[in-house]
Amino acid sequence: MTDAAALPGQPRGGVLSGPATARAVNVLAPNASAMTLDGTNTWLVSEPDSDLAVVIDPGPLDEVHLRAVVDTAEKAGKRVALTLLTHGHPDHAEGAARFAELTGTKVRALDPALRLGDEGLAAGDVITVGGLELRVVPTPGHTGDSLCFHLPADRAVLTGDTILGRGTTVVAHPDGRLGDYLDSLRRLRSLTVDDGVHTVLPGHGPVLEDAQGVVEFYLAHRAHRLAQVETAVEDGFREPAEVVAHVYADVDRSLWPAAELSVRAQLEYLQEHGLI
């Protein structure tokens, strides 16, 4: 076995569900798969002495899971006052409308199509609920509507699918764009350097204790993959599926369709920059 401390981001071991920081509790959705890892992390966030909570990414449309999130809040003596979405992929957002019915909350998201209520989310927004402060960080790239939420009091950032607790994420072309994703990673790196963020609360997988380390790993990984794709094209592999088979040969074949999305995003990036 590999020591967790030696892995990118120093993933925390143990059970995924339950308290992660002084203000964040994870309720793990039962939708584990190759793409969703252990399942979607639904985050319940609140000030310890407040009776109000915020839920980030209710997850799939699974009644048992959604009610488990409500039950977790109630057992802690809290009422869910607001629902937020990191992005619109179904494993994060499909259950949002039903969750809003269960809790009587509004749903705020960057994409207007996902909102329930008049308010959306935008760069620089500061959300305050029951003394809790969350800062909206725009992080497009995985998708065009991807956001992260900075939790200053815990020196943490909730990253959705922008950074995962294990492995790396997909740049979901055509909505996701590699240039945007690289800029988003650099934005997150600045949070670790300038704002002291050290904990990543991801949308899938374990909590990471070394935020700067995992961001640097992601940036290096993207640079390495991009160089591999550029070399593959120079060697005559032109079609995305051909590039995937050549560059991602060491990756589980069940993940190749997702890898092809990232390859398409990389090819687009290389073309835009005149590199192929």
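As a basis for the values below, the full set of heavy atoms in this structure was taken, side chains included, without hydrogen atoms, waters or symmetry mates. Computed from a predicted structure; not experimentally measured.
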So, the side chain of [X] versus the backbone of [Y]: is there a donor-acceptor pair under 3.5 Å, distance only?
X    : Y    : answer
S17  : L28  : yes
R155 : G196 : yes
W256 : V251 : yes
E242 : R238 : yes
R12  : L208 : no
Y248 : L255 : no
D57  : G203 : no
R115 : A109 : yes
Y181 : T162 : yes

Test of understanding: clusters of I, L, V, M, F, W, Y form through side-chain heavy atoms closer than 4.5 Å, transitively. Do [X] and [Y] belong to the same one?
X    : Y    : result
L52  : V69  : no
V229 : V171 : yes
L267 : L275 : yes
L219 : V200 : yes
V244 : V233 : yes

So, taking the atom named CG in L85 and the one named CG in D111, what distance separates them when rounded to the nearest 0.5 Å?
9.5 Å
CG of L110 to CG of L147: how many Å apart, nearest 0.5 Å?
5.0 Å
Would you name the heavy atoms of [X] and [Y] that are closest together and state the gap between them?
X    : Y    : value
G160 : T86  : CA-OG1, 3.7 Å
S254 : A34  : OG-CB, 4.3 Å
D62  : P30  : OD2-CG, 3.8 Å
A156 : H150 : O-CD2, 3.3 Å
P48  : A22  : CG-O, 3.8 Å
A29  : P60  : CB-CD, 3.8 Å

If you apply the rule side-chain contact (heavy atoms from CB on, under 4.5 Å), what do you find for V55 with T103, and how did you get there?
CA-CA 10 Å; V55 164; T103 58; over 6 Å; no
Report the residues that fulfil ring-ring contact (aromatic ring centres under 6.0 Å, His included) with [X], sequence neighbours left out, ordered by chain and then residue number.
X    : result
Y269 : H273
H87  : H89, H92, H142
F237 : H246

Which residues satisfy the salt bridge (Lys or Arg N to Asp or Glu O under 4.0 Å) test with [X], sequence neighbours excluded?
X    : answer
E94  : none
D195 : none
R177 : E268, E272
D180 : none

Are the side chains of [Y] and [X] in contact, using a 4.5 Å heavy-atom criterion?
X    : Y    : answer
F149 : L84  : yes
V45  : L132 : yes
V197 : Q212 : no
L164 : Y218 : yes
I163 : L185 : yes
D161 : S146 : no
V137 : L191 : yes

For a quick check under 3.5 Å, do T83 and T105 share a side-chain donor-acceptor pair by atom type?
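Yes.
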Only pairs at least two apart or in different chains count here, so list each side-chain hydrogen bond (donor to acceptor under 3.5 Å, both in side chains) that has a residue in residues 21-36.
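Found T21-D154, R23-E47, R23-D154, N26-N41, N31-T40, S33-T36.
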Under the side-chain hydrogen bond (donor to acceptor under 3.5 Å, both in side chains) rule, what pairs show up with a residue in residues 63-80, not counting sequence neighbours?
T42-H65, S46-K78, E63-R67, E63-R98
Between D38 and R166, does a salt bridge (Lys or Arg N to Asp or Glu O under 4.0 Å) hold up when you go through it step by step?
CA-CA 10 Å; D38 310 275; R166 185 169 65 250; 3.3 Å; yes
Is there any salt bridge (charged side-chain N to carboxylate O under 4.0 Å, His left out) pair reaching into residues 137-149, and which pairs are they, with sequence neighbours excluded?
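Listed by first then second residue: nothing to list.
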Tell me the salt bridge (charged side-chain N to carboxylate O under 4.0 Å, His left out) pairs involving residues 210-226, sequence neighbours left out?
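Salt bridge (charged side-chain N to carboxylate O under 4.0 Å, His left out) check on residues 210-226 returns R189-E216.
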For V126, enumerate each residue passing the side chain to side chain contact (heavy atoms under 4.5 Å, CB included) test, keeping only those at least two apart in sequence or located in another chain.
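With neighbours one apart ignored, the set is T128, E133, R135.
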In a check of side chain to side chain contact (heavy atoms under 4.5 Å, CB included) between L134 and each of D125, L158, L82, which one passes?
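Exactly one candidate clears the test, L158.
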Which of these, V107, V80, L61, sits in a side chain to side chain contact (heavy atoms under 4.5 Å, CB included) with F99?
V80
Determine, stepwise, if the pair D91 / H204 fulfils side-chain contact (heavy atoms from CB on, under 4.5 Å).
CA-CA 10 Å; D91 56 314; H204 303 278; 3.0 Å; yes
For M35 and V170: C-alpha separation, side-chain torsions, deciding distance, then whether side-chain contact (heavy atoms from CB on, under 4.5 Å) applies.
CA-CA 9 Å; M35 287 295 294; V170 172; 4.1 Å; yes
Is the number of heavy atoms from other residues, nucleotides or ligands under 6.0 Å of D194 CG greater than 12?
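Check passes, neighbour count above 12.
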With side-chain contact (heavy atoms from CB on, under 4.5 Å) as the criterion, how do I56 and L201 come out once you've worked through the C-alpha distance, each side chain's angles and the decisive distance to 0.1 Å?
CA-CA 11 Å; I56 298 172; L201 305 175; over 6 Å; no
